[in-house]
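Reading through the structure tokens given below for one structure.
In what follows, chains are A, B, ... by sequence order, proteins preceding strands, each numbered from 1. When reading the values below, keep in mind they use all heavy atoms of this one structure, side chains included, and skip hydrogens, waters and symmetry mates.
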Amino acid sequence: METETKDRQPTLSDRTYGWVNERFKLDALVEYMSGKVVPVHGHSAFYYMGGISLFLFIVQVITGILLLMYYRPGADSAYESVRFIVSEVEFGWLIRSIHSWSANLMILAVFLHMFTVYFTYAYRKPRELTWLTGIGLLGLALLFGFSGYLLPWNELAFFATRVGTGMAGAIPVFGKDILIVMRGGEEVTGATIGRFFGLHVAILPGLFTVLLAAHLIFIQRQGISEPLDWHALPESDKKHQKFFPSFLLRDLLVWLIVLNVIAVLAVLFPDGIGVVHWPLGVKADPFAPPPAVIRPEWYFMFAFQALKMLPAHILFIEGELFGILVFTVGGVVWTLVPFLDRGRAGDRSRYFMAFGWLVLAFIIVMTVVGYVVE
Amino acid sequence: MASEKPTRRGFLEIILGGGTLATLGAIFYPIIRYIIPPAGGEAKLSQLKLQFTRADIEAEPKKAKYFKYGRELGIIYLTEQGELMALAATCTHLDCTVQHRPDLGIIWCSCHNGRYDMTGKNISGPPPRPLEPFIVKQDGDVIFVSREEA
């Protein structure tokens, strides 16, 4: 019976599509999208890393909005409101736990995404701007992590923020001014919460959304990068799958798996596990001594550890300043790599691969050392 | 047309549809429970001791003061006869806060010109119901307000 009516008159969805199409010319968009393909090869799994990062960002937006319903910034209310969320509000512990787990996994996914893009030369022409917007998104993600960490106003958050903003104070000439602007005064106080809160829930989401939109539009416009050795292949040897619906459905399946992983982690380890943990603990007390082990988040550990290992003076400048200079230069090179690597499509470039592995090895070694060495 | 015999497609559709529904349920159930605010920790009051005295009310230009009774706002005022009376201060029309108008001898809501008499009965304007009264007791200088026991 259903097939009979389908032949005679359009269904509701046909008519809805027709209504919108008449006004916005959907047909052209659908035709454009249906031509999109994704290369199929041995490293196709890398193509899911960006999608996973995107999904985790969506999880952050949803759980962040939910936390906003009960969170109250301020030295007298921030800690109390988070305690209220995890102890009084139904499923409040779950929402906070998912927000924290998803935040950490998002940073991890973004790093994996970046390194897979780097090592497959996917940053090369014509994708220079996709790389730049990606670096911008990484920077914003790290700022999200740094600013969000203070918001519960507990002991860990307080001292981590004091050390973190203190590093900005080591910058020559403007350091002191930057520190005062970041903290909203000389010290980390309730004024700092106000600034970090505004940054975390308004400024960063706004900037992130704009950059993310650009990043995604570039990808849709240019298509997915092909592996290096495909340049030598004849067209007939290249395997593709359609973006709609084949790749999209696989993407959604991966998202579903990631969501399940988060749910399991959040339920089994609501306060995190090992070195990735966020117990609420006791309220921040500016007059109390810091706890014995004071560590940054794991994704800042390599920088923290490297700065700690530097001698007090290198040549004629302060060790810490020297470290910050080296990081700045490294970061600039890393950001500008699509413009510095002049290798043509299909060519490998030994120097940039070596640089990539050096950076990766440095990050991994320093992170491990940071946790192993007391 | 549709055969009664179960098909592979039908089976898959049930599994997929059921799985989708279960997933959405698992996502939205905690979210909806989370959005509903937990009941406040404030215990039910049997009686409230006011933090001010009759003299404080007399000193007010409008001969009235507000107080919090649990989560409810109340108004206590001095009538022309020198009697202390207390009412719920939330207008029954659209939740504005009412005020005492000793010049008119009424309880007045400024938002939409709602009028109540001194016992809280709605007498003109939009308010649909009277204001609920409090029982006022005085012990020397101390004033207690309470609600009538049901």
In terms of heavy-atom pairs under 4.5 Å, which option from A/L259, A/L94, A/I95, A/L256 contacts chain B the most? A/I95
Less than 4.5 Å to any heavy atom of chain B: does that hold for the side chain of A/L67, its backbone, both, or neither? both
A side-chain contact here means heavy atoms from C-beta on lying under 4.5 Å apart; do A/F91 and B/I31 qualify? no
Is there a side-chain contact between B/I35 and A/M69 in this structure, where contact means two heavy atoms from C-beta onward sitting under 4.5 Å apart? yes
A/Y70 to B/P38 - nearest heavy-atom pair and separation: OH-CD, 4.0 Å
As an exercise, state the distance from OG1 of A/T63 to OH of B/Y34, rounded to the nearest 0.5 Å. 9.0 Å
Whether over 12 other heavy atoms sit under 6.0 Å from B/K137 NZ: no
